[in-house]
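Notes follow once the structure below has been shown.
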Amino acid sequence: MITTDKVTEIFCILDEFCKNLDAELTKNLHIAPIDEGYKRMRNRKGQMSKSEIMTILLCYHFGSFRNFKHYYLFFIKEHLASYFPKAVSYTRFVELMPRVFFELMAFMRIQGFGKCTGISFVDSTMIPVCHNMRRNFNKVFDGLAKNGKGTMGWCHGFKLHLLCNEMGDVLTFCLTPANVDDRDPRVWQVFTKVLYGKVFADKGYIKQEFFENLFNQGIHLVHGLKSNMKNKLMPLWDKMMLRKRYIIECINEQLKNKANLVHSRHRSVHNFLMNLCAALAAFCFFENKPEALPVRIEKSRQLELF
């Protein structure tokens, strides 16, 4: 279970970020004049601050509870009542969740996500929204979720494309329907904005045209070979880093099993998006991130014949 010290740490970081963001937005805000017919909207301060709402959303994804309602009523309203004295009812809190979507995305992009170091790993994982037997009866994601096939079989939902560095920090992500290919140009249009150097992928990214397109942008795609392909020479360093793809696999495993990224209890699209963004933001505070061991290749001329 998450400790109260960790809750305080997350709140302090989020509260400082929200204050700086509000100050920056207020400084650049242009207020429309009333005498020209514009109506000024009310900006009344809420009972709970945005940093408190974001803290509650992020602390849920530390693997202590599997149900958000039980987590909020049992843990927040009772055990952490002194930390959140103005906590609203559960129904009202669900209504307030979409209001911090912009701040949550800004925090991930500006402060939460890591920086590209020239060594990146890419992978995708399926996010089913219902059981396969109920895919024709799901009304919440009607027209949005699609049927797709992954390594674990068919599922009805979405696909999360992740990009991380060798230190286990997420660089960026892209959410698509489950039937979108991993090499889709729309996905890599998002990735190439923060990507450079070498990116290591699995065999599902093999395509000559896709490789040449990335290489022309200064990105070297390194992947394994299928059993029916001709063997090719590969630098020893690339082969060793290709075996360290367990980093992105561990991130997907932690997001699904610990951060409760996948479940079939969504009752709205907003709830699904907030659960996804909160899980990714909570992963930025995880202390047991997977990290590649440093690779050192000795410079030797032992293999030189003459």
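Computed over heavy atoms, backbone and side chain alike; hydrogens, waters and symmetry mates excluded.
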Quick one: does [X]'s side chain get under 4.5 Å of [Y]'s, heavy atoms only?
{"X": "K289", "Y": "F283", "result": "yes"}
{"X": "P128", "Y": "V262", "result": "yes"}
{"X": "K244", "Y": "Y246", "result": "yes"}
{"X": "L276", "Y": "L261", "result": "yes"}
{"X": "L163", "Y": "V199", "result": "yes"}
{"X": "L21", "Y": "L25", "result": "yes"}

Might you work through the ring pair (Phe, Tyr, Trp, His ring centres under 6.0 Å) test for F11 and Y83, ending with a clear yes or no?
CA-CA 10 Å; F11 172 77; Y83 289 81; 9.4 Å; no
Can you pull out every ring-ring contact (aromatic ring centres under 6.0 Å, His included) where at least one residue sits in residues 250-269? Sequence neighbours excluded, please.
H263-H266, H266-F272
Exam field: side chain [X] to backbone [Y], donor-acceptor pair closer than 3.5 Å:
{"X": "K159", "Y": "S124", "answer": "no"}
{"X": "K50", "Y": "L14", "answer": "no"}
{"X": "N275", "Y": "N271", "answer": "no"}

Testing T192, L175, V122, T176 one by one against V187 for a side-chain contact (heavy atoms from CB on, under 4.5 Å), which residue passes?
T176
On the ring face of F93, is K77 found with NZ or CZ under 6.0 Å from the centre and within 45° of the axis?
no
Where do Y205 and F211 land on the ring pair (Phe, Tyr, Trp, His ring centres under 6.0 Å) test, with the steps shown first?
CA-CA 9 Å; Y205 292 84; F211 174 86; over 10 Å; no
Check the side chains of [Y] and [X] for a donor-acceptor pair under 3.5 angstrom, ignoring hydrogens and angles.
{"X": "T125", "Y": "K256", "value": "yes"}
{"X": "T117", "Y": "N165", "value": "no"}
{"X": "S89", "Y": "T91", "value": "no"}

With a sphere of 6.0 Å drawn around NZ of K239, does it hold more than 12 non-hydrogen atoms of other residues, nucleotides or ligands?
no
Has H220 got more than 12 heavy atoms of other residues, nucleotides or ligands less than 6.0 Å from its NE2?
yes
One thing to verify: whether K86 and E52 come together as a salt bridge, which I'm taking to mean a side-chain N less than 4.0 angstrom from a carboxylate O.
no
Cationic N near anionic O, under 4.0 Å, K19 to E16:
no
